[in-house]
Protein chains: 2
Amino acid sequence: MSDRQKEVTIYDIAQKLNISAATVSRGLKDHPGTNKETKKKILAAASEMGYHSNSFASSLRTKRGNIIGVIVPRLNSNFMSDVIAGIEKVVNESGYNLFISQSLEEMEKEVSNAKAMYNNRVDGLLVSLAYNTNNINHFEAFIKRNIPVIFFDRVHEHQQCPSIFIDNYKAAYNITNHLIEQGCKRIMHIGGSQLRNVYIDRFNGYKRALEDHKIPFEDELLIINDLSAQSGARAAQQILEMKTQPDGVFVANDLCAISCMQLLKKQGIRIPEDIAFAGFNNDPTSCVIEPNLTTIDYRGYEMGEVAAKVLIGHLDNNNDLIQTHSLILRSELIVRDSSRKKE
Amino acid sequence: MSDRQKEVTIYDIAQKLNISAATVSRGLKDHPGTNKETKKKILAAASEMGYHSNSFASSLRTKRGNIIGVIVPRLNSNFMSDVIAGIEKVVNESGYNLFISQSLEEMEKEVSNAKAMYNNRVDGLLVSLAYNTNNINHFEAFIKRNIPVIFFDRVHEHQQCPSIFIDNYKAAYNITNHLIEQGCKRIMHIGGSQLRNVYIDRFNGYKRALEDHKIPFEDELLIINDLSAQSGARAAQQILEMKTQPDGVFVANDLCAISCMQLLKKQGIRIPEDIAFAGFNNDPTSCVIEPNLTTIDYRGYEMGEVAAKVLIGHLDNNNDLIQTHSLILRSELIVRDSSRKKE
């Protein structure tokens, strides 16, 4: 393929139409003083010749690239692809562009993603932290230059960064409470990285519900893993090998819950009669597995929209970010057959 | 929040350290002639003061923004989020950035997305077309300026744009053939927009397999809809109201197949005994639904990686795009219990 063609300028258009460059410029800007027919000719020529409106250079002038950066653990999870779709909708409608990258759950990659975003002059950053991120120094450069950073879902306390999330503690408390009300007395919890708020809070909500019903917490009934489908199958194996099996399991995501249920079912465990199950996220799979999975509904699309709106509201209208320090979104317990021991 | 701080330059760093700007510049570029201790001091000061390496201005100089644009129908589908994750991996490793937008299945939004990508000077574009796009004139501006456009999955014939897809015709032929081998004689097809290659080809592969087995194609056994879960439930209703029901159904995606199966099961239809089912995509849900769904496996992640590699190979090494006119990726028939009438 040949080299790029020379950039088409308003002067080229002016020459072609035999009019002044100023007229071309006014025509392209839809200036009221331009003759209608001339404007038509200018637009047709601009399109035919491949003229770019000069948003790139003007973004440099105003020091605004109109770019929102997003860093998430993984782009291909049900929850995260909903979040991204919600962010894209708002960002696109507001005339911004979206730079997207994934940390693949590794802090190291998250740091290098943040660096790339910084060097490419994003106007603001939306971040959900990787599994093993243990500090957020890599966002200090943004904060120092007043480039807003907003954390969502997997958040981190920071004086200058608002956070958007659901009340994971309360949701976990409610779902554990529901298992207890169904008669469960030995409830296992399968949770994720205790570096991340979402998994710490779900674990603590579970523990508190046990306490409130005077059920002692047992170490044997806690499994911490990466909440993948593979880990769900391994957890099922562990359950099968236990002397006294649990009569209820609360898993911190649906993916892991479902693969655990599938393996147990194959081994003849009846759900919910032998073991009641509850997950988290309301993935589409949760209403396909039989019995359908009790879970927490927690709208990713809405979280993406809200995060993008807060960020753009700040950028465009200077809404104060510090005042909105935390934004707690609604979540809801969805009871399905996987945990219905009583009717 | 206060206004942006003034941009930190190498001159500010030089002044602070009381050395020359040239030394600062060499130190930041890791030039071999710089004293190790000085370099350390320069890097520390640059970091502390919030200095940006000047990739934005230099991208303007070289007329390269290092941006790959992606336009897809929806970000939140299993298949597409896998594709995006594959693209992101390659793009990020190659030092490019990713601009992402979704058409929400509307040509009008696709046109405006393309415009925004063009005005923001993407270096290349990866596109999967919306449901109702009926021409690709909105990509002509790119092609005219030698900005490569590559179509993937939902593609369009164009002399200068390579396409990456799977052999939908053959996959549909194979899956229909499999249903016939299982004894099905009245096979329904539920397909998508006949503007899109993927759905035209799946329909034609189905029709050809019938012909090859001397099974007449019947209009009554063809439903064209938007392949959503809602449309799957509506199709199930149509099936229940038919005088002679089909004994096999091949649906052009898993999402629609599964919701159709769920409703039929509730109404007492036995799968596969009464009606055998086959889908397309191998979504995670296909091995959760009972019975598990026979489908076509078709790796989105791999398609994303390949599309990004072809594009970046062209941009970085001037690999000839025109020579790679079409790239056909592997797909595979996965037989599961939803279609196993014979063992």
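The chains referred to below are lettered A, B, ... by the order of the sequence lines, with proteins before strands, and numbering in each begins at 1. The shown structure was predicted, so the numbers you read here are calculated from the model rather than taken from an experiment.
- The side-chain contact (heavy atoms from CB on, under 4.5 Å) with B/N97 is formed by just one residue from the set A/N120, A/V122, A/N97; it is A/N120.
- With a 4.5 angstrom heavy-atom cutoff, B/N92 touches chain A only via side-chain atoms.
- Proximity of a side-chain donor or acceptor of A/E140 to a complementary backbone N or O of B/E48 within less than 3.5 Å is not detected.
- Looking at A/K115, neither its backbone nor its side chain comes within 4.5 Å of chain B, counting heavy atoms on both sides.
- Using a 4.5 Å cut-off between heavy atoms, A/N113 contacts chain B through its side chain alone, with no backbone atom that close.
- A salt bridge is defined here as a Lys NZ or Arg NE, NH1 or NH2 lying under 4.0 Å from an Asp or Glu carboxylate O, and A/K266 with B/E290 fails to meet this definition.
- In this structure, chain B has a heavy atom under 4.5 Å from the side chain of A/N78, while its backbone stays farther away.
- For chain B, no part of A/F142 is nearby; none of its heavy atoms comes within less than 4.5 Å.
- Put simply, of A/S101, A/A141, A/A116, the one with the most heavy-atom pairs under 4.5 Å next to chain B is A/S101.
- The contact between B/I258 and chain A is made entirely by side chain atoms (from C-beta outward), counting heavy-atom distances below 4.5 Å.
- Annotation: the span from B/Q262 atom CD to A/C287 atom SG amounts to 7.0 Å, rounded to 0.5 Å.
- Atom CG of residue B/D82 and atom CZ of residue A/R74 lie 10.5 Å apart, to the nearest 0.5 angstrom.
- Contacts of A/L98 with chain B are made by both backbone and side-chain atoms, with heavy-atom separations under 4.5 Å.
- Only one option out of A/I87, A/V83, A/I84, A/I100 pairs with B/L75 in a side-chain contact (heavy atoms from CB on, under 4.5 Å); it is A/I84.
- Using modelled atom types, no side-chain atom of A/Q102 and backbone atom of B/E88 make a donor-acceptor pair closer than 3.5 Å.
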